[in-house]
Number of protein chains: 2
Amino acid sequence: MTRRPTIKDIARRAGVSESAVSFALNGRPGVSQGTRDRVQRVAEELGWQPNSAARALSGLRAGCVGLVLARPAHTLGVESFFLQLVSGVQEVLASRKVALLFQVVEDIDAECAVHRRWWAEKRVDGVLIVDPRAHDPRPALLSSLGLPAVVIGAPASGSGSAELSTVWADDSAAMASVLAHLHELGHRRVVHVAGLPGLAHTERRISSLRTEASRLGLTDARSVTTDYSDAEGAEATRRILDEAEPPTAIIYDNDVMAVAGASVAAERGTAVPAELSIVAWDDSALCRVTHPRLTALVRDTSGFGRLAAQELLDRLDGGPVRSIQAELPRLEPRESTGRVGVRGV
Amino acid sequence: MTRRPTIKDIARRAGVSESAVSFALNGRPGVSQGTRDRVQRVAEELGWQPNSAARALSGLRAGCVGLVLARPAHTLGVESFFLQLVSGVQEVLASRKVALLFQVVEDIDAECAVHRRWWAEKRVDGVLIVDPRAHDPRPALLSSLGLPAVVIGAPASGSGSAELSTVWADDSAAMASVLAHLHELGHRRVVHVAGLPGLAHTERRISSLRTEASRLGLTDARSVTTDYSDAEGAEATRRILDEAEPPTAIIYDNDVMAVAGASVAAERGTAVPAELSIVAWDDSALCRVTHPRLTALVRDTSGFGRLAAQELLDRLDGGPVRSIQAELPRLEPRESTGRVGVRGV
DNA sequence: AAGTTCTACTAATGCGGTTTAGCGGTGTCA
DNA sequence: TGACACCGCTAAACCGCATTAGTAGAACTT
C-alpha cells in the first residue's frame, strides 16, 4: 500500500520548487534543459502520474470523455457494433491517456440527464453522441452547455447547430450499392426491414431506398421499421413472406435481424437464396455462422470509432468543427444473395 | 454557456458561510434544520452539482469505478455478455451517482497497466475484474495498490489474496445439470467445446465435466479449448464430427460458438438434434434465431452485474470482503437437444 | 454569578496540481 | 555605466470542496 507520489516529492528529491517541476513535466518554458531532464528522471523513478482530480480542478481538462448509450435494456442485444466502436474509440483515447466514461441508460431523456450531470460535475471534457435522431434534443443541449461533442453516424444535418462535429458514413451510397447488386441479380420486389424509426440513419436509408428504387424501376420497394431486435426482425419477416406477392429480396438494417429473418425463412422452407435473397447491413461473425452465410454491408466499425475519437480530441485542442466522412461501406456478396428463381450454388 | 455554480454561489445567496453549505448539503451536523432546508433549496434552484474533481481532491472518493476488458480486438465479437453485464452494473452505480470508467485493451498486461495508471491518477475508487484466470496477476497487483476490487466470475479460489470480494455462479452445478439433461436423453458420448484455456471458469467447467461424467458413467467425455470465436468454434466442431466415433452431444462455452457449431452441422447434413444435440452456455437472442433454436444455460447476466456493482459499493463503504454466489444458471431446453438417434418433432 | 456544555455557525487549512507575479543574476545595447 | 530585456527559478494564489479548529451566544450547572 504505497503512497501516491506527488510533485512535492519530486520537487524535494530534485531539489527544485514545485512550480519548476510542473513546468518541466508539462513542457512549459521556464526551466533549463538540465533541470527538465533531471525532474523527468526523478518523476519516472517515483512512478509519478498526475492526479487527475487535481488537474481537472485547476481549470484544465478532466482528461475524460463520455459516451452514453440510450437503449432499452432488452434491445442491448447481440449487436457487435457498439463494442467494436468503443474499442476503436479507445485505441485513440488511450494513446493520449484520456479515459472513457461509459453509461447505458434506458432512453434519450435519461441520456440528456447524464450529460447535464457530467457537465455539472465537470466530469468530462467532451462527449460522443451515438444514434443521432431526426429531432434530436442533444445538439442543442450540448451546445448550450458548451460541451464539445462529436456526433457519430449522421451527416451534418440542417437540424440546427453547426456547432457539433460529425463522423458519418454515406448510407445513401451504400443503399444504392445494395440495390444495384440486387437489381443486377434480377430482383424487382425488395423490402427493407429498417431499425428504429426515430433514428437519423434509419430515415436516411428509408428515403434513399425510395429514390434509388424508383431510379432503378423497382416496383413496390418499401421499408418497415422495427426496434432492431431479433424478435421484431423475425416477426416482420413472417408478415412480409405471408403477403400475396412476397418480395424476392429483403435488406435488414442489422445483423441480428438478418439472421432472425434467415431463420424464419428456413423454418418456412423458403429457400435462400433461390426464393429469397437476404442482405445484412453491418457484417459480424453472425453473418458468417449462418447457413448460407449472409451477404453483408461491411463497415470498419472500429475505424469509425477511431475517427470519432480523433475528431473529439482535435475539438478539445481547439480544432474546428468538421464533418468527416468515413470510407464507404463495402458490399460483401456471400451465399444469401443470388439470381431470382435460380437454385443456387 | 452558463457558468457552473459552486458552493460559494450558494453561500452568498443563502447568506451563510461556505462551510455551512457543505455541512448542509452533505447531511453533516453543525447547521440548524432551517438553514439546511434553505441551503438545499438554493442549491436546487441553482442546479448545483458537486464538482467531482474537487470532491476527489479533498481526500474523498473519485466517485468512479473502473472496468477493464482484456480481449484481443478480433474476439470482441458478438457476445452479448458484456454489454448486459455492464448495463446491470450501471443500474446500481447510476443510482448512487457513481460513474463507470470503461476500457478495452488487448491483453492482461495492458490491463494491469491501466489499473496502475488509474490508481496513480486517483481516477477510480475501485475496480471490477472480469475474466479471472488460473494464474492471475491482478489480485496481487490490486491489493498491493490498495485498490478495492470485486472479481466477477470466480469463486474465492485459494489463489492468494483473501482481500478481494467475489461474485460467482456455480459452474460445477451448472455443468452437472447440463450433463444430467443429456444423460437422461440417452447421450453417452459428449464433448465440451470450452473457451480460453487460461480462464478460471474454463478450468472449472472442464474439471467438473470430467468428474461429473465419470460419476454418470459417460465414456469419452472431454473438453477442447478455443478462443471463444465463431471461427474456432466451427473449426473444433468440424474436427469433432470428423472423428471415427463422433459424440452425440456437444456443449459450447458460449452462444457464438454454439451457433457456429450448429451451422457446421447443417452444412454437413448432420441432423440436429437427431444425430447431434447442442447446448449453449449462456443464452442470447442468437440461440433463439437459429433453426432449431438452441437449448441454453440461462443466466441473469445483468443481475450478475448488479450484484457485483452493489458489492463493490459496499466495499467502498467499508464493508467486509465477501464471496457472493449468484443464482444457479437454469437450463432452458429447446429444440437442439433430443433423444439419441430419434428423429425429433 | 461564574463556570461548563451545547448549538450554530465562521475562519482557516489542505488536497495536488497549474499559473501568475516577482526576483535575483546575466547579457545586451545605447 | 546605467537601462533594459531575458533567463531560470521561487513564492503565492487559485481551482471547489471537505474538514478541523475556533468562536460567539444561549442554556444549563451548582
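Note that this is a predicted model, so its numbers are computed, not measured. Sequence lines set the chain letters: A, B, ... in the order given, protein chains first and strands last, and positions in each chain run from 1. In what follows, every heavy atom counts, from backbone to side chain, and hydrogens, waters and symmetry copies are set aside.
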J.: Can you list every pair that meets ring-ring contact (aromatic ring centres under 6.0 Å, His included) and has a residue in residues 84-113 of chain A, with sequence neighbours left out?
T.: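 Those involving residues 84-113 of chain A are A:F102-B:F102.
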J.: Under 4.0 Å, counting only non-hydrogen atoms across every strand here, what does A:S32 touch: a base, just sugar-phosphate, or nothing?
T.: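 Sugar-phosphate, backbone atoms only, no base.
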J.: Test: salt bridge (charged side-chain N to carboxylate O under 4.0 Å, His left out). Region: residues 304-327 of chain A. Which pairs qualify, not counting sequence neighbours?
T.: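 Pairs touching residues 304-327 of chain A that pass the test: A:R61-A:D317, A:E91-A:R306, A:R96-A:D317, A:D300-A:R306, A:E311-A:R322.
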J.: Of all nucleotides in DNA chain C with an atom under 4.0 Å from a non-hydrogen atom of chain A, which is the first and which the last going 5' to 3'?
T.: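 From 5' to 3', the first and last contacting nucleotides are C:dG16 to C:dT20.
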J.: With sequence neighbours left out, what residues match A:R116 under salt bridge (Lys or Arg N to Asp or Glu O under 4.0 Å)?
T.: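 A:R116: no salt bridge (Lys or Arg N to Asp or Glu O under 4.0 Å) contacts found.
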J.: Are B:R71 and B:D131 within salt-bridge range, i.e. N to O under 4.0 Å?
T.: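 Salt bridge present between B:R71 and B:D131.
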J.: Rounded to the nearest 0.5 Å, how far does CZ of A:R138 lie from NE2 of A:H115?
T.: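 With rounding to 0.5 Å, NE2 (A:H115) is 6.5 Å from CZ (A:R138).
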J.: By the salt bridge (charged side-chain N to carboxylate O under 4.0 Å, His left out) test, which pairs, at least two apart or in different chains, include something from residues 18-28 of chain A?
T.: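 Qualifying pairs: none.
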J.: Determine to 10° how strongly the helix from C:dA1-D:dT30 to C:dA30-D:dT1 is bent, judged from the axes of its five-pair ends.
T.: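 Inter-axis angle at the ends, rounded: 60°.
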J.: Name every residue in residues 33-58 of chain B that has at least one heavy atom under 4.0 Å from any atom of DNA chain C, in order of residue number, or write none if there are no such residues.
T.: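 When residues 33-58 of chain B is checked for heavy atoms under 4.0 Å from DNA chain C, the hits, listed by number, are B:T35, B:L57, B:S58.
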J.: Restricting to pairs with a member in residues 42-51 of chain A, which pass side chain to side chain donor-acceptor pair (under 3.5 Å), not counting sequence neighbours?
T.: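 Listed once each, the pairs are A:R13-A:E45.
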J.: Can you name the residues that form a side-chain contact (heavy atoms from CB on, under 4.5 Å) with B:A308, not counting sequence neighbours?
T.: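 Listed in chain order: B:L128, B:V150, B:I152, B:V167.
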J.: With no hydrogens and no angle check, just 3.5 Å: does a side-chain donor-acceptor pair link B:S19 and B:S22?
T.: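 Their side chains do not contain a donor-acceptor pair, so the 3.5 Å distance test is not met.
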J.: Step by step, would you call A:V127 with A:L67 a side chain to side chain contact (heavy atoms under 4.5 Å, CB included)?
T.: CA-CA 6 Å; A:V127 292; A:L67 172 61; over 6 Å; no
J.: Counting the atoms with a prime plus P, OP1 and OP2 as sugar-phosphate, which does A:S19 contact under 4.0 Å by heavy atoms, base, sugar-phosphate, or nothing?
T.: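 Base contact - A:S19 has a heavy atom under 4.0 Å of at least one base atom.
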J.: Residues two or more places apart in sequence or in another chain: which of them pass side-chain contact (heavy atoms from CB on, under 4.5 Å) with B:A24?
T.: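 By the side-chain contact (heavy atoms from CB on, under 4.5 Å) rule, B:A24 matches B:V31, B:R36, B:V39.
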J.: Measure the shortest side-chain to side-chain distance between B:V321 and B:L164 over non-hydrogen atoms and say whether it is less than 4.5 angstrom.
T.: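 With C-beta onward as the side chain, the pair stays apart.
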J.: Which part of the nucleic acid does B:V21 contact within heavy-atom distance under 4.0 Å: base, sugar-phosphate only, or nothing?
T.: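 No contact at all - B:V21 keeps every heavy atom at 4.0 Å or more from the nucleic acid.
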J.: Among all residues two or more places apart in sequence or in another chain, which pass the salt bridge (Lys or Arg N to Asp or Glu O under 4.0 Å) test with A:D125?
T.: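 In terms of salt bridge (Lys or Arg N to Asp or Glu O under 4.0 Å), with neighbours along the sequence ignored, A:D125 is linked to no residue.
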J.: First contact, last contact: which nucleotides of DNA chain D are these for chain B, 5' to 3', heavy-atom distance under 4.0 Å?
T.: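 Terminal contacting nucleotides, 5' to 3': D:dG16 to D:dT20.
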